[in-house]
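Computed from heavy atoms alone, side chains included, the values below leave out hydrogens, waters and symmetry copies. Chain A is the first sequence line, chain B the second, and so forth, proteins listed ahead of strands; every chain is numbered from 1.
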Amino acid sequence: MTPSPHDETTPTEGPSDFIREKIDADLAAGRFDRVQTRFPPEPNGYLHIGHAKSICLNFGLAEQYGGPCLLRFDDTNPVAEDPEYVDAIIDDIRWLGFEPTDVVHASDYFDQLYAWAEELVGKGLAYVDDQDAETISAQRGGFGEPGVESPFRDRTPEENLGLLRQMRDGAFADGEKVLRAKIDMSASVMTMRDPVLYRIRRLPHHRTEDRWVIYPTYDWAHGQSDAIEGVTHSLCTLEFADHRPLYDWCLEHLELPHDKPEQTEFARLGLTHTVMSKRLLRTLVEDGVVDGWDDPRMPTLRGMRKRGYPPEAIRAFVDEIGVAKTNSTVEIELLESHVRRHHNAHALRRMVVLDPVKVVITNWPDGQVEHVEAVNNPEDESAGTRQVPFSGELWIERDDFMADPPPKYYRLTPGREVRLRAGYFITATDAVTDADGNVTEIRATYDPETKGGQAPDGRKVKATIHWVSAAHAEDLTVHLYERLFTDSHPGTEGDAFDSLNPASRETVSAKGEPALADVTPGEVVQLERLGYFAVDPDDTRTLHRTVGLRDEWANIQKRKG
RNA sequence: UCCCGGGUAGUUCAACUGGCAGAACGCCGGCCUUUGGAGCCGGAUGUUGCAGGUUCGAGCCCUGCCCCGGGAACCA
């Protein structure tokens, strides 16, 4: 496909931000002569749009500077981790359009990590502490208050080494002992107050199985993993800034195979009307608020995929929002705008009536069926045309007719002529209503001279509406989605779930033109005047609304209301 | 209370390291239109957190203050 100027971001110029500036400076100063990044998820959940920012950053940087970017599973804590997530994460990254240079695991380095721990102990820079978690935590002190040193802090390196080996060999119960770095219990940064490096967990690991009963903490594993792989720029989110002194401390006391990597923090992505924390997302799934991690209302990559968000749009969105250190919540409309921009260029146009009401064309020859030619995509001539059956009984959208319309309503109303898209001009004559006043049938006449939608005398109509021939209609189920949370910043005050939108999904039975029989799973089509819709991956008779089109009439209504 | 970040249109980011504060999305108005879509043209939006200081000139440098976020798991 040929990218139009407003389609996918062209990587020629590349965005500029403080991280790229830092990399350029490092390169210029000879600090590094190459660039290597990594994406290090913990396999304990599904990826969401926030991760996409990190993925695009890390893989994008590697691409831009011609270096590797590994996918590394940070699997140092078997409590929450599950191999189920490993495959899903790889799959999501590929879907986004990135291919890791290699897929590795922090657990691949357990031997080296342990050897380094013994090295640290030998240097008198780590010790085994017999106290329990609660005691250690209490001794850490508070903000502005120094901590107190553990009574086990001054064990000799020999004693510590023996104890550490016993820990490794399973001589102690879970929680009975930990290995701690010996740094400074009065450090102003909490993470430097003798952080825990190893804990005992008699739990099978998804890769090392039962080979280990001690597992390294994040702080003991992360920087070293970076160093082992040869990462130059280790990018993480803002909340890890306090860990940077510890990241550096660990690496400075070890013999490294490569130059010491540098950690740089950036702000995570927030989206309006969305929650991003794994805990909250899990609750949505477990409480049945949504159907699962891939529910189209979820901000997960799987959810967005099912919803019909193209990876190109997500990448263009991430490029546009840039990367900085300011906490940010981006308006979801910006993402949606990229989604529309992409589909506008690529999606085939189709006609579906979501809320059907019958139109009977009283002067149409009885039983006659004609075919009219409709353009598949006005943005892309190569998409061609299709034949759409036209007959004397049609479905149109209920709100495209009003017996008694307000001003500036351009659509069908008694006595007014409108165009049926790619079909004929019709003029409403009257409407049949039921006892409650609901319209059950609209009666109209057509002008046989206007086939294809043009009048030979050049007269204009103010509105064009979509339609489906009743006898040829495909029955469809269509899910219409609204924001999951009504509050733009759910949870900022009070419980996020208080602003859950009870009407975040509406399901309707719709009538589609015959071409809807030929859609493929996952395909996104534009339903004329309605929006973009994704075909369900498992049921081609079901559509999910990706995003609506901008609708000026709806805006007029909103302003009046 | 201590440490680290951060504060520029509604929102997200720029502003070439001191030289006329801009872009995108959103919003408003118009044009055009066989999608009230798309597209095109135009417009508004700011006490650059506050107060001082240096300077011919400060969003940028200095001083003091205010506000917001993060940090005291054997989570990551």
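Of the C1' atoms belonging to A14(B) and A24(B), the separation is 11 Å, rounded to the nearest Å. C62(B) and G6(B) have their P atoms separated by 14 Å, given to the nearest Å. G43(B) and G37(B) are spaced 23 Å apart, taking the C1' atom of each and rounding to whole Å. If you take atom P in C67(B) and the same atom in G30(B), they sit 46 Å apart, rounded to whole Å. Comparing the P positions of A76(B) and G52(B) gives a spacing of 50 Å, expressed to the nearest Å. A distance of about 15 Å separates the C1' atoms of G49(B) and A9(B), rounded to the whole Å. A38(B) and G19(B) are spaced 39 Å apart, taking the P atom of each and rounding to whole Å. Between G57(B) and G18(B), the distance separating the two P atoms is 16 Å to the nearest Å.
The number of heavy atoms from other shown groups lying within 6.0 Å of CZ (Arg268(A)) does not exceed 12. Taking a 6.0 Å sphere around NZ of Lys462(A), one finds it holds 12 or fewer heavy atoms contributed by other residues, nucleotides or ligands.
Ring pair Phe240(A)/Tyr247(A): centre-to-centre distance not below 6.0 Å.
One can place NE2 of His338(A) at 8 Å from C1' of A24(B), the figure rounded to the nearest angstrom. Atom CG in Asn344(A) sits roughly 12 Å away from atom P in G37(B) (whole-Å rounding). Rounded to an integer number of Å, the gap from Lys325(A) NZ to G5(B) P is 7 Å. The CD-C1' distance, from Glu331(A) to U12(B), rounds to 8 Å in whole Å. Here the P atom of nucleotide C75(B) and the CZ atom of Phe73(A) are 21 Å apart, to the nearest Å. At whole-Å resolution of the value, CG in Leu246(A) and P in C75(B) are 15 Å apart. Atom pair His51(A):NE2 and A76(B):C1' shows a separation of 10 Å (rounding to whole Å applied). The distance between atom CD of Gln263(A) and atom P of G5(B), rounded to the nearest whole Å, is 13 Å.
The phosphate of C3(B) has neither OP1 nor OP2 within less than 4.0 Å of any side-chain N or O from Arg193(A). Thr326(A) has no side-chain polar atom (N or O) that falls below the 4.0 Å cut-off from OP1 or OP2 of G5(B). Neither OP1 nor OP2 of U35(B) sits under 4.0 Å from any side-chain N or O of Arg550(A). Put simply, Ser337(A) has no side-chain N or O that comes within less than 4.0 Å of OP1 or OP2 on G26(B). Phosphate proximity of A76(B) to Arg72(A): absent, as no side-chain N or O sits under 4.0 Å from OP1 or OP2. Side-chain nitrogen and oxygen atoms of Arg421(A) include none within less than 4.0 Å of the OP1 or OP2 phosphate oxygen of G36(B). Distances shown here put a side-chain N or O of Arg529(A) below 4.0 Å from the OP1 or OP2 atom of G36(B).
Minimum atom distance to the side chain of Met190(A) is reached by G71(B), of the listed A24(B), G71(B), C13(B). The listed nucleotides are C25(B), G70(B), A15(B); the one nearest the side chain of Glu239(A) is G70(B). Minimum atom distance to the side chain of Phe143(A) is reached by G71(B), of the listed C75(B), G71(B), C25(B). Distances were taken from every side-chain heavy atom of Glu333(A) (C-beta onward) to each of G26(B), G37(B), U12(B); the shortest belongs to G26(B). Taking every side-chain heavy atom of Thr464(A) into account, U35(B) is the closest of U35(B), A14(B), U12(B). In the set C75(B), G36(B), A72(B), C75(B) carries the atom at the smallest distance from any side-chain atom of Arg199(A). Listed nucleotides C4(B), C75(B), G37(B) differ in distance to Leu549(A); the shortest reach to its side chain belongs to G37(B).
The minimum heavy-atom distance linking Val231(A) with Pro261(A) is given by the pair O-CB, 3.1 Å.
Between Arg207(A) and Asp108(A), at least one side-chain N (NZ, or NE/NH1/NH2) sits under 4.0 Å from a carboxylate O, which counts as a salt bridge. We find that Arg483(A) and Glu333(A) are joined by a salt bridge, their nearest charged nitrogen and carboxylate oxygen being less than 4.0 Å apart. Using a 4.0 Å cut-off between charged nitrogen and carboxylate oxygen, Arg529(A) and Glu397(A) do not count as a salt-bridge pair.
At the heavy-atom level, Arg244(A) lies nowhere under 4.0 Å from the strands shown. Residue Glu528(A) is in base contact, counting any heavy-atom pair closer than 4.0 Å across all strands shown. Backbone-only contact: Thr329(A) has heavy atoms under 4.0 Å from sugar-phosphate atoms and none from a base. Within 4.0 Å of His243(A), counting heavy atoms only, lies at least one base atom of the nucleic acid.
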For this session: In sequence, state the C-alpha distance, the side-chain angles, and the governing distance for Arg350(A) and Glu513(A), and then conclude on salt bridge (Lys or Arg N to Asp or Glu O under 4.0 Å).
Result: CA-CA 7 Å; Arg350(A) 295 290 183 258; Glu513(A) 61 167 289; 5.1 Å; no
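Nearer the 5' end of RNA chain B, as judged by each residue's closest nucleotide, is the contact made by Ser188(A), out of Glu81(A) and Ser188(A). With RNA chain B read from its 5' end, the first of the two nearest nucleotides for Gln454(A) and Thr76(A) is the one closest to Gln454(A).
In this model, no side-chain donor or acceptor of His343(A) finds a partner on the base of A38(B) within 3.5 Å. Contact annotation: side chain of Asp242(A) to base of G70(B), donor-acceptor pair present below 3.5 Å. For Gln526(A) against U35(B), a side-chain N or O and a base N or O form a donor-acceptor pair under 3.5 Å.
The glycosidic torsion of A73(B) lies within 90° of 0, placing the base in the syn range.
By the stacking rule of 5.5 Å between ring centres and under 30° between planes, Tyr410(A) stacks on the base of G36(B).
In this entry C16(B) has no Watson-Crick or G-U wobble partner, no candidate having both defining distances under 3.5 Å. For G69(B), the paired nucleotide is C4(B), the pair qualifying as Watson-Crick or G-U wobble because both relevant distances are below 3.5 Å. When Watson-Crick and G-U wobble pairs are counted only if both distances are under 3.5 Å, C40(B) pairs with G30(B). In this structure, A24(B) and U11(B) make a Watson-Crick or G-U wobble pair, each of the two defining distances being under 3.5 angstrom. Of all nucleotides present, only G53(B) satisfies the Watson-Crick or G-U wobble test against C61(B), with each distance under 3.5 Å.
Ring planes of Tyr114(A) and Tyr198(A): perpendicular class, angle over 60° (limits at 30 and 60°).
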